[in-house]
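Below is one structure, written out as structure tokens; comments come after it.
Chain naming here is simple, since letters A, B, ... match the order of the sequence lines and numbering starts at 1 in each.
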Amino acid sequence: MYSEIQEWFSAEARDLPWRRDCSAWGILVSEIMLQQTPVVRVQPVWEEWLERWPAPADFAAAPAAEVLRAWGRLGYPRRALRLHAAAGEIVERHGGAVPDNYEELLSLPGVGTYTAAAVAAFAFGRRTTVVDTNIRRVHARLVIGQALPAPALTAAEMALAADLLPEDTAESVQWNAGVMELGALICTARSPKCGECPVLEQCAWIAAGQPEPTYIPKGQPWAGTDRQVRGAVMAVLRAASSPVHADLLWNAAEAQGHPEVAKELGKLHELNTHAPQLERALAGLVADGLAQLSDAGYQLPA
DNA sequence: GAGGCGTGGTG
DNA sequence: TCACCAAGCCT
């Protein structure tokens, strides 16, 4: 399978900036931004960041509020704060250089098994077992014959990925990148382009007659949740340059057409003269959002 | 180990 | 239209 995927990858791989001549720091930033966020939205922000903060020390010195603003609308802003903390550790414990091995990468905040393996492989050419959602899906179809991988990563999947990894270090790096790209462009979650697949002939899922998924992926609720409130709060704060009053949050939520959010923030507005109740309500509604506000130097009314 | 965490494009 | 989905991590 290696040669077919490699040939396809050489011809079809996307020309992404972090795949060109790029520092380990640039690779790390890209991997964090790409956690659950599509490439098309990451690319312009990544360009901005690398120009503004070309090395970990530059980024570590920036105020948290600026980090969150620069993060823009990539989503999951806690990733930005964790990367900020990681840059601090890189400066303090690694002399300002991104560590070049899996174990030390894994110890950084916001860096899990996937990101540690990916940075070790793509920034430092290490032979590591990279397993992301694309690779899991390709393995599930190509090797196992199932439409989708299990809901959560299993030990068996890790063992399979380790078994498939080429022994040669340089080939292992190309294999990781190629399988991931195949999952992103051809072997997609919905409507895979099997007609363009370089390993169609060897695919266990095709051989089995493309059976349907054996479970139903469960969606994440959004309307009326704390996350929706946090999203509205963060949208206001990104645009603000000074401490934000709760009234402003409510007005903004209403103006943005978020009736559920405005209703919840309206409760806070009514409670504004009763500080203890306000604190309790805020703690229940926007606990993480408040932590981010505090980290970013913002204040809520007393 | 299941659930929480932002955001916007798309079939 | 509205679920689903996008290079996960942490608790």
*Test item: Thr37(A) side-chain N/O and Leu74(A) main-chain N/O as donor-acceptor pair under 3.5 Å*: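 Yes, Thr37(A) side chain to Leu74(A) backbone: donor-acceptor pair under 3.5 Å.
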
| field | Single hit among Trp49(A), Trp71(A), Phe59(A), Trp53(A) for ring pair (Phe, Tyr, Trp, His ring centres under 6.0 Å) with His84(A) | value |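 Exactly one option meets the ring pair (Phe, Tyr, Trp, His ring centres under 6.0 Å) with His84(A), and it is Phe59(A).
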
What's the shortest heavy-atom distance between [X] and [Y], and which atoms?
X         : Y         : value
Thr169(A) : Gly125(A) : CG2-O, 3.2 Å
Arg137(A) : Gly183(A) : NH2-O, 2.8 Å
Cys187(A) : Val138(A) : CB-CG2, 3.9 Å

- Task: Specify the residue among Leu106(A) and Val39(A) whose closest nucleotide of DNA chain C lies further upstream toward the 5′ end.
- Result: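 Between the two, 5'-proximity favours Val39(A).
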
Any Lys/Arg nitrogen of Asp100(A) or Arg126(A) sitting under 4.0 Å from an Asp/Glu carboxylate oxygen of the other?
yes

Does the side chain of [X] get closer than 4.0 angstrom to OP1 or OP2 of [N] through an N or O atom?
X         : N      : value
Gln36(A)  : dG8(C) : yes
Thr115(A) : dA7(C) : no
Arg137(A) : dA6(C) : yes

What nucleic acid atoms does [X] come within less than 4.0 Å of, heavy atoms only: base, sugar-phosphate, or nothing?
X         : answer
Ser30(A)  : nothing
Val111(A) : sugar-phosphate
Pro109(A) : sugar-phosphate
Ile135(A) : nothing
Thr188(A) : nothing
Gly112(A) : sugar-phosphate
Leu16(A)  : base
Trp18(A)  : base
Ala189(A) : sugar-phosphate

Taking dC9(C), dA7(C), dG6(B) as options, the one with an atom nearest any side-chain atom of Arg14(A) is dA7(C)

Side-chain atoms of Arg190(A) come closest, of dG9(B), dA7(C), dC5(B), to dG9(B)

Take the protein atom [atom1] of [X] and the nucleotide atom [atom2] of [N], then report the distance between them rounded to whole Å.
X         : N      : atom1 : atom2 : answer
Arg82(A)  : dG8(C) : CZ    : P     : 14 Å
Ile186(A) : dA7(C) : CD1   : P     : 14 Å
Asn134(A) : dC5(C) : CG    : P     : 13 Å
Gln35(A)  : dG8(C) : CD    : C1'   : 5 Å
Leu28(A)  : dA7(C) : CG    : P     : 18 Å
Ile32(A)  : dA6(C) : CD1   : P     : 19 Å
Arg136(A) : dC9(C) : CZ    : P     : 12 Å
Gln220(A) : dA6(C) : CD    : P     : 12 Å

*Examine the base of dG8(C) for any acceptor or donor lying under 3.5 Å from a partner atom in the side chain of Thr133(A), and report the outcome as yes or no.*
no

(Q) Looking at Arg41(A) and dT7(B), is any side-chain donor or acceptor paired with a base atom of the opposite kind under 3.5 Å? (A) yes

Quantified in whole Å, what is the P atom distance between nucleotide dG3(B) and nucleotide dC4(C)?
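Roughly 16 Å separates the two P atoms.
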
**Asked** When the P atoms of dA7(C) and dG4(B) are considered, how many whole Å apart are they?
**Response** 23 Å

Q. Counting heavy atoms not belonging to Gln202(A), are there more than 12 under 6.0 Å from its CD?
A. yes

Assign each of Ser191(A) and Leu74(A) the nucleotide of DNA chain B bearing its closest heavy atom; nearer the 5' end lies the nucleotide of Leu74(A)

**Prompt:** Relative to the 5' end of DNA chain B, which residue comes earlier, Pro221(A) or Gly72(A), by the nucleotide with the nearest heavy atom?
**Reply:**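 Nearer the 5' end of the strand: Pro221(A).
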
